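Everything below concerns the one structure shown next.
The shown structure was predicted, so the numbers you read here are calculated from the model rather than taken from an experiment. Residue numbers start at 1 and run along the sequence shown.
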Amino acid sequence: DINNTFIDFKSDNLETNFDEVASIIPSLKNIKEVNLSRLGNIRYQGNFTGFLSDFVGFGTINTSLGTVTGDINLKLPESKPPVYSGKISTEGFRLGDFLNDNRIGAITFTGKVNGSGVTAQTLKASFDGNIKSVQYQDYVYQNLMVRGNIEKKLFSGFASIDDPNLKIDQLSGTINFNNAEPEFNFDALLSRSDFKKLKLTNETFELTGHFNLNFTGSNIDNFLGTARISNATLRHENLPLSFDSLMITSNIQDGQKFLSLQSNELDAHIKGKYQIMELPDAFKIFLSRYYPAYIKRPGYIVKDQDFSFEIKTKEADQYFQLIDKRLKGFDNSIITGNLKLKDNDLNVRAEVPSFS
């Protein structure tokens, strides 16, 4: 009667794989959020004490994705989410492959976890961990501390980062993944950042400041809410820029989307039907109708654009030079207009005291 058999053994070399384990514990086949089959051949060295559905494991697991060391109590009740508690650490574990996310690379992590469930609907857990290193996109971030709780796609907690090129002293708040777009509400103090070394920009930008974010969305085009930076400093190639605050707000007004940006030297508003990330290509489509030999149409279908805009500058000369070093001037300017891509209609009115 294997389900009621108490087992106590020490393994010098136990080898298996996901298919074999799932034949003993069928509930593992229902886990879709992580790719357990990518673990490949699994080799366990350590102790196992308890029943198949309630045991303590202390040892090291070597997999095709990396090594995990743990001291975990795992309960697998029938028709209920698994319950777990204990300590876990990894050394160069390929987390992105495990989560089916190619933006994430290897992680080295040590921490404690206590919770139940593994799916998005059943997960309820608290954790306290230190991430020595983790790769995201093209950069390996170091020295992260995360402490918090997650329940049914709602995360609340505290984090800090002390990377050589990114230092966040205080980051606290919530992230809600229950809706179509994630909802962020948190406060953070950015003490150090170098965007070039973080491989986010080609030129050196250094930013510090106090961030207060309360919005939904995963990019600027589905952004709704407010993002505010205060007490900020911004340097470009070791030269200070006129910048101490920035506020971005976005909402729906009379069925149209309204986006506003306000900073020391620039106020900008856009209203209507727009896709910010596709705007450059929208203008290419417009201009290619008049200058097809010089400007080529994008190779994909650009969404319709129908919006009005207004831009007011103060002392913006240094910011225009970030766009193109040949540009100067444009201080105290007002630029208004609208674009209707479907009708091939563009109107611009500009009052520019001087530029070169």
Once rounded to the nearest 0.5 Å, what's the spacing between atom [atom1] of [X] and atom [atom2] of [Y]?
X	Y	atom1	atom2	answer
Ile220	Ile248	CD1	CD1	5.5 Å
Ile168	Thr208	CD1	OG1	12.0 Å
Gln305	Ile285	CD	CD1	8.5 Å
Gln318	Glu265	CD	CD	7.0 Å
Arg147	Ser160	CZ	OG	8.0 Å
Leu123	Asn149	CG	CG	10.5 Å

Quick one: does any side-chain atom of [X] pair with a main-chain N or O of [Y] as donor and acceptor, under 3.5 Å?
X	Y	answer
Tyr141	Lys132	no
Asn179	Glu181	no
Glu278	Lys303	yes
Gln137	Arg103	no
Asp317	Gly329	yes
Arg192	Pro164	yes
Asn219	Asn222	yes
Thr313	Asn332	yes
Ser116	Pro81	no
Thr69	Ser89	no

Tell me whether the count of non-hydrogen atoms from other residues, nucleotides or ligands lying under 6.0 Å of [atom1] in [X] goes above 12.
X	atom1	result
Asp254	CG	no
Ile301	CD1	no
Glu20	CD	yes
Tyr291	OH	no
Gln45	CD	yes
Asn102	CG	no
Asp343	CG	yes
Gln135	CD	yes

Could you list all the salt bridge (Lys or Arg N to Asp or Glu O under 4.0 Å) pairs where at least one residue sits in residues 318-331, not counting sequence neighbours?
Glu203-Lys325, Asp324-Arg326
Quick one: which residue pairs count as a salt bridge (Lys or Arg N to Asp or Glu O under 4.0 Å) with a foot in residues 163-179, not counting sequence neighbours?
Asp162-Lys167, Lys167-Asp169
Closest heavy-atom pair and its distance - [X], [Y]:
X	Y	value
Lys257	Ser250	CE-OG, 3.3 Å
Asp304	Lys342	OD1-N, 3.5 Å
Asn264	Phe243	OD1-CA, 3.6 Å
Leu341	Ala282	CD1-O, 3.5 Å
Pro240	Arg235	CD-NH1, 4.0 Å
Pro77	Pro82	CD-CA, 4.3 Å

Heavy atoms, side chains only, cut-off 4.5 Å: are [X] and [Y] in contact?
X	Y	answer
Leu171	Phe211	no
Tyr139	Leu166	no
Leu39	Phe18	no

Verdict with reasoning, Asn251 to Gln253, per side chain to side chain donor-acceptor pair (under 3.5 Å)
CA-CA 6 Å; Asn251 52 55; Gln253 297 180 0; 3.2 Å; yes
Indicate if [X] and [Y] have the same hydrophobic cluster label, given that clusters are the connected sets of ILVMFWY residues with side-chain heavy-atom separations under 4.5 angstrom.
X	Y	result
Leu241	Leu190	yes
Ile334	Ile311	no
Leu322	Leu261	yes
Ile42	Leu99	yes
Val140	Leu65	no

Phe320: hydrophobic cluster co-members (side-chain, 4.5 Å):
Ile323, Leu327, Phe330, Val352, Phe355
Aromatic plane relationship, Phe98 with Phe93 - under 30° parallel, 30 to 60° tilted, over 60° perpendicular
perpendicular
Please, which pairs that meet ring pair (Phe, Tyr, Trp, His ring centres under 6.0 Å) have at least one residue in residues 163-201, sequence neighbours excluded?
Phe184-Phe215
Check each of Arg228, Gln170, His210 against Asp187 using the side chain to side chain donor-acceptor pair (under 3.5 Å) test, and report the only one that passes.
His210
Take Asn176 and Asn178 through the test side chain to side chain donor-acceptor pair (under 3.5 Å) and record every step on the way to the result.
CA-CA 6 Å; Asn176 190 344; Asn178 282 291; 2.7 Å; yes
Would you please indicate if the ring centroids of Phe48 and Phe55 are separated by under 6.0 Å?
yes
Name all residues meeting the side-chain hydrogen bond (donor to acceptor under 3.5 Å, both in side chains) criterion together with Asp306; count only those two or more places apart in sequence or in a different chain, and write none if there are none.
none
Donor-acceptor pairs under 3.5 Å, side chain of residues 104-112 to any protein atom, not counting sequence neighbours: which ones?
residue	atom	partner	partner atom	Å
Thr108	OG1	Gly92	N	3.2

For side chain to side chain donor-acceptor pair (under 3.5 Å), just list the numbers for Asp345 and Asn347, CA-CA rounded to whole Å, side-chain angles, deciding distance to a tenth of an Å, and then say yes or no.
CA-CA 7 Å; Asp345 184 16; Asn347 297 285; 3.2 Å; yes
Check ion pair Arg94-Asp97 (N to O, under 4.0 angstrom):
yes
